[in-house]
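Sequential numbering from 1 along the given sequence is applied to the chain's residues.
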Amino acid sequence: MENPSFVLRAVKDVALDNIPKPSITDPYDVIIHVGQTGICGSDVHYWQRGRIGDFVLTSPIVLGHESAGTVVEIGAAVKNLKVGDKVAIEPGVPCRHCNYCRAGSYNLCPDTVFAATPPHNGTLSKYYKTAADYCYPLPEHMSLEDGALCEPVAVAVQICKVGKVRAGQTVVVFGCGPIGLLVQSVAKSYAAKKVIGVDMSQSRMDLAKNVLKCADGVFKPAPMPKEDDDGQPYDADKECAWSARVAEEIKKTFDLGEGPDVVIDATGAPACIQTGVNLCKKGGMYVQAGMGRENVMFPIITACIRDLTIRGSIRYTAGVYPAAVDLVASGEIDPKVLITHRFPFEKAEEAFETVRKGGEDVLKVIIEGVGN
């Protein structure tokens, strides 16, 4: 097969197909032999539902966007890379000309070609073509697995950038999945005074506190009751009141006073969002990074009277990807600790099914690229 690829043909329909090998069409193009690819929740979302917000699957696409590989061909104008270089691939190439791009916020560029976002092909192919300036050479000591995992590290760097996380702050992160753990790690590397991780999984919290050592403390909230003391189902008001009580418990447990400086939700779960807003101190920063339901009950009055800054975080902006590569290269962050499963390319569907089923023993799943 010239260019074997893992193709999403339609919702819940994937297959290993042969697609044309890409060729250089622009003098700044490079062609990468993809070596390692991590599976992101968004890949699974497209597979199972066929859309994320305004991005809708209307024709087959190759999945995958967390990748690293080896340069096998370069355009005539490429100066930053040479054939044989190991590179981390930043998966979104913006137009470079719109006001968002010119301001450095190219994550908002409406014409971005982002891997595995309809209608664009992703990186789970033997060969992938992209722009040379969106590939970052890896130091000799970094593996292609390290390079592939620079993508979720970059997501975490962007989240901390949006939240203006800095030295001496207290930060609470809801979620101890891959992104939540990496956000905690980045916050700690930025010298946050106290980082607290919140999750329902004891094993993931143990990973945060005892293995990665990115959290100074962890908190496991009690499950939200389904009924009140009178046997009546919890309605929206009762859910919000319960979340406010959990927020007070977190403050008291970790001596956070009026609340942390920054709250980051990496889950998208309504209860976490509500608790996070109630937890944040007056004048604090709340960042929504996790994506769950499209619409949730939100404690807007609390946000208003506390004068909270509320931000969303998506992808990465100028300088974020190189910072992520540097954090991994320096050893400040070791994302390989998060890898729980590795699959050969031929078992890509099994790899995706592992992520879909999830479970406490599933964190980061990696697919090895097609050999020479």
Please collect all salt bridge (Lys or Arg N to Asp or Glu O under 4.0 Å) contacts where either partner lies in residues 273-291, sequence neighbours excluded, each pair once.
-> Asp261-Lys281
Contacts of Pro137 that satisfy side chain to side chain contact (heavy atoms under 4.5 Å, CB included) - sequence neighbours left out = Leu81
Just grab all the salt bridge (Lys or Arg N to Asp or Glu O under 4.0 Å) pairs involving residues 91-111, residues at least two apart or on different chains.
-> Arg96-Asp133
In residues 322-339, what donor-acceptor pairs under 3.5 Å come from side-chain atoms, sequence neighbours left out?
from: Ser330; atom 1: OG; to: Asp326; atom 2: O; distance (Å): 3.1
from: Ser330; atom 1: OG; to: Leu327; atom 2: O; distance (Å): 3.1
from: Ser330; atom 1: OG; to: Glu332; atom 2: N; distance (Å): 3.3
from: Asp334; atom 1: OD1; to: Lys336; atom 2: N; distance (Å): 3.4
from: Lys336; atom 1: NZ; to: Asp146; atom 2: OD1; distance (Å): 2.9

Only pairs at least two apart or in different chains count here, so list each ring pair (Phe, Tyr, Trp, His ring centres under 6.0 Å) that has a residue in residues 288-316.
-> Tyr316-Tyr321
Test salt bridge (Lys or Arg N to Asp or Glu O under 4.0 Å) applied to Lys129 - qualifying residues, sequence neighbours left out = Asp29
Check ion pair Glu248-Arg245 (N to O, under 4.0 angstrom) = no
Please identify each residue that fulfils side chain to side chain contact (heavy atoms under 4.5 Å, CB included) with Arg51, with sequence neighbours left out.
-> Val56
Could you note down all residue pairs passing salt bridge (Lys or Arg N to Asp or Glu O under 4.0 Å) where residues 357-372 supplies at least one of them, sequence neighbours left out?
-> Glu66-Lys364
Under the ring pair (Phe, Tyr, Trp, His ring centres under 6.0 Å) rule, what pairs show up with a residue in residues 67-119, not counting sequence neighbours?
-> His65-Phe114, Tyr106-Tyr134
Go through the structure and list residues passing ring pair (Phe, Tyr, Trp, His ring centres under 6.0 Å) with Phe174, not counting sequence neighbours.
-> none
According to the ring pair (Phe, Tyr, Trp, His ring centres under 6.0 Å) rule, which pairs have a member within residues 217-246, sequence neighbours left out?
-> none
Carboxylate-amine/guanidinium proximity below 4.0 Å for Lys252 and Glu249 = no
Expected output: side-chain Asp13 to main-chain Arg9 donor-acceptor under 3.5 Å = no
Got a sec, which pairs hit salt bridge (Lys or Arg N to Asp or Glu O under 4.0 Å) with one end in residues 178-202, sequence neighbours left out?
-> Lys188-Asp216
